[in-house]
Amino acid sequence: MLYTIIMAAQDGSEGVVMAAEVSLEDSDICCENDGKGDEAGTEQTSQTDGENSSASVPNVSNGDDSDEGKEMVELKIIWNKNKYDLKIPLDGTGAKLKEKIHTLTGLPPAMQKVMYKGLLPEDKTLREIKVTNGAKIMVVGSTINDVLAVNTPKEVIQQEVKAEENKKEPLCRQKQHRKVLDKGKPEDIMPSVKGAKERLPTVPLSGMYNKSGGKVRLTFKLEQDQLWIGTKERTEKIPMGSIKNVVTEPIEGHEDYHMMAFQLGPTEASQYWVYWVPAQFVDAIKDTVLGKWQYF
């Protein structure tokens with residue numbers, strides 16, 4: 001390129017000079033294009049490297065990393081005629097399950113009655129209570145607004161009943177109850193464990209007396225949220241939500257058994273009395289019928 005420019009200066013050929021200049025400009029353009037090509041190549045290489053780098057970056061966590069590597073169990077949650085699919089670690093507790101149900105349904109844990117072969121304990125894992133894959137978990141409960149709207153009268157009744165109890169002599173000494181208790185402990189009554197607390201058995205509580213002295217059994221139909229009170233003559237199917245209160249008192253001289261009343265209406269006349277209830281089931285009966293939210 002330099003030689004062409006010198007020859008153009010010796011013969012004064014303007015055309016050659018221009019050609020040389022054009023060639024020089026073309027050369028500059030080529031060089032410039034080459035430079036741009038190099039830059040483009042570099043940029044393309046960088047983009048490709050960036051894409052490869054991006055492709056190698058793992059997916060963003062969706063918050064379930066804590067469950068990775070854990071043995072999972074798939075459950076079918078049934079609440080308010082709705083069904084929800086839920087996958088949860090088998091070693092998760094009942095309390096953790098309630099939190100998951102809250103996320104699915106909006107039902108606060110304190111308002112939930114969760115049933116799987118009885119009332120599901122919060123402090124035990126699903127493995128410990130032998131929950132199997134595909135198990136159906138029944139949930140009963142209302143939202144806070146529903147409870148405030150519907151159950152405020154129930155809370156008032158509970159307070160009034162407790163106030164009346166404090167004014168009276170022990171229930172087991174009252175004449176109306178003595179005539180039943182004086183019959184003595186039924187021979188076929190279920191065994192009791194004083195000072196213990198147990199979950200409801202999978203079979204009905206039987207062998208107890210009612211107010212008329214007849215035999216009575218209690219069956220807790222958790223799937224229907226009903227209490228069945230059975231006698232020789234008939235079986236009353238009572239929605240648990242209609243039971244306003246549960247009154248209990250240990251039987252003097254037999255403190256491992258209780259007398260218990262289910263408040264079916266606003267007055268004492270609407271109490272259904274059951275005698276010789278094993279003490280270890282008293283708290284479980286209250287929790288099942290009234291729900292744990294009664295303590296809040």
Side-chain angles (χ1 to χ4, degrees), residues 78 113-121 136-141 151 154 157-158 161 171-172 174-194 196-251 254-292 294:
I78 303 175
K113 282 195 292 185
V114 181
M115 275 84 69
Y116 177 75
K117 297 180 180 179
L119 196 65
L120 188 140
K136 292 183 179 180
I137 305 296
M138 306 297 299
V139 180
V140 178
N151 292 298
K154 179 187 290 188
I157 290 174
Q158 290 175 8
V161 169
L171 294 170
C172 58
Q174 296 177 18
K175 183 178 180 180
Q176 58 175 326
H177 301 302
R178 281 262 45 110
K179 66 180 182 180
V180 180
L181 295 175
D182 286 346
K183 293 180 65 174
K185 184 167 64 174
E187 293 181 358
D188 57 344
I189 192 66
M190 297 181 71
S192 66
V193 182
K194 184 178 179 181
K197 293 183 180 181
E198 297 182 7
R199 299 174 61 190
L200 289 177
T202 55
V203 297
L205 294 174
S206 60
M208 301 167 290
Y209 289 141
N210 59 16
K211 196 171 183 178
S212 63
K215 286 295 182 68
V216 65
R217 66 183 177 277
L218 302 178
T219 305
F220 296 89
K221 292 290 185 178
L222 302 179
E223 294 82 3
Q224 289 120 344
D225 199 30
Q226 292 180 347
L227 169 62
W228 290 10
I229 301 178
T231 63
K232 184 178 180 181
E233 294 77 21
R234 63 182 180 276
T235 298
E236 297 286 346
K237 300 179 180 180
I238 304 171
M240 292 188 192
S242 68
I243 301 174
K244 310 300 181 183
N245 194 22
V246 178
V247 178
T248 65
E249 182 182 284
I251 299 173
H254 300 276
E255 282 74 13
D256 49 344
Y257 288 94
H258 281 230
M259 50 189 295
M260 175 179 290
F262 298 100
Q263 186 83 34
L264 305 181
T267 66
E268 288 188 5
S270 60
Q271 291 177 337
Y272 190 99
W273 282 97
V274 179
Y275 303 86
W276 303 101
V277 178
Q280 68 268 27
F281 299 128
V282 169
D283 285 344
I285 292 173
K286 287 184 176 181
D287 287 345
T288 300
V289 173
L290 299 176
K292 288 191 175 182
Q294 67 174 313

- Beyond-backbone contact of V180 with M259, side-chain heavy atoms, under 4.5 angstrom: no
- Item | CZ on R178 to CD on Q176, rounded to 0.5 Å | 12.0 Å
- Pairwise side-chain contact, K215 with D188, heavy-atom cut-off 4.5 Å (strictly under): yes
- Would you indicate whether the side-chain heavy atoms of I238 and Y272 approach each other to under 4.5 Å? no
- Item | E223 side chain to M115 backbone, donor-acceptor under 3.5 Å | no
- Task: Indicate whether the side chain of Q271 and that of K211 have a donor and an acceptor atom separated by less than 3.5 Å.
- Result: no
- Step by step, would you call T248 with K286 a side chain to side chain contact (heavy atoms under 4.5 Å, CB included)? CA-CA 9 Å; T248 65; K286 287 184 176 181; 3.4 Å; yes
- Measure from NZ or CZ of K183 to the centre of the six-membered ring of Y209 and say whether it is under 6.0 Å with the direction within 45° of the ring axis. yes
- Item | Test item: I251 and K185 side chains (from C-beta on) under 4.5 Å apart, heavy atoms | no
- Between NZ of K237 and CD of Q224, what distance do you get to the nearest 0.5 Å? 7.5 Å
- From L222 CG over to K113 NZ, what is the distance, rounded to the nearest 0.5 angstrom? 8.0 Å
- Query: From L120 CG over to I137 CD1, what is the distance, rounded to the nearest 0.5 angstrom?
  - Reply: 6.5 Å
- Give, for atom NE2 of H258 and atom CG of D283, the distance between the pair rounded to the nearest 0.5 Å. 8.5 Å
- Message: Side chains of F281 and L218, heavy atoms from C-beta outward: is any pair under 4.5 Å?
- Response: no
- P186 versus M208: any side-chain heavy-atom pair under 4.5 Å? no
- Y275 side chain near V216 side chain, heavy-atom distance below 4.5 Å: no
- Note on the structure: Looking only at heavy atoms, the pair that brings K244 and G265 closest together is CG-O, 4.2 Å
- Please report the shortest heavy-atom distance between Q263 and P266, naming the atom on each side. NE2-C, 3.8 Å
- Message: So L264 and I243, do their side chains get closer than 4.5 Å, heavy atoms only?
- Response: yes
- Message: If you compare all heavy atoms of F220 against all heavy atoms of L227, which two are closest, and at what distance to 0.1 Å?
- Response: CE2-CD1, 3.6 Å
- Item | Smallest separation among heavy atoms of I78 and K136, with atom names | CD1-CD, 4.0 Å
- Heavy-atom closest pair, residues Y257 and S192: CE1-OG, 3.3 Å
- Message: Any side-chain to backbone donor/acceptor pair from Q280 onto V193? Under 3.5 Å, distance only.
- Response: yes
- Query: When you measure from the side chain of E249 to the backbone N and O of C172, does any donor-acceptor pair fall under 3.5 Å?
  - Reply: yes
- Task: Determine yes or no for a side-chain-to-main-chain donor-acceptor pair under 3.5 angstrom, with R217 supplying the side chain and I229 the backbone.
- Result: no
- Lys/Arg-Asp/Glu bridge criterion (N-O < 4.0 Å) met for R234, E236: yes
- Query: Would you say the side-chain atoms of R199 pair up with the backbone N or O of L119, donor to acceptor, closer than 3.5 Å?
  - Reply: yes
- Task: Start with the C-alpha distance between V246 and L290, add both sets of side-chain angles, then the distance that settles side chain to side chain contact (heavy atoms under 4.5 Å, CB included), and finish with yes or no.
- Result: CA-CA 8 Å; V246 178; L290 299 176; 4.1 Å; yes
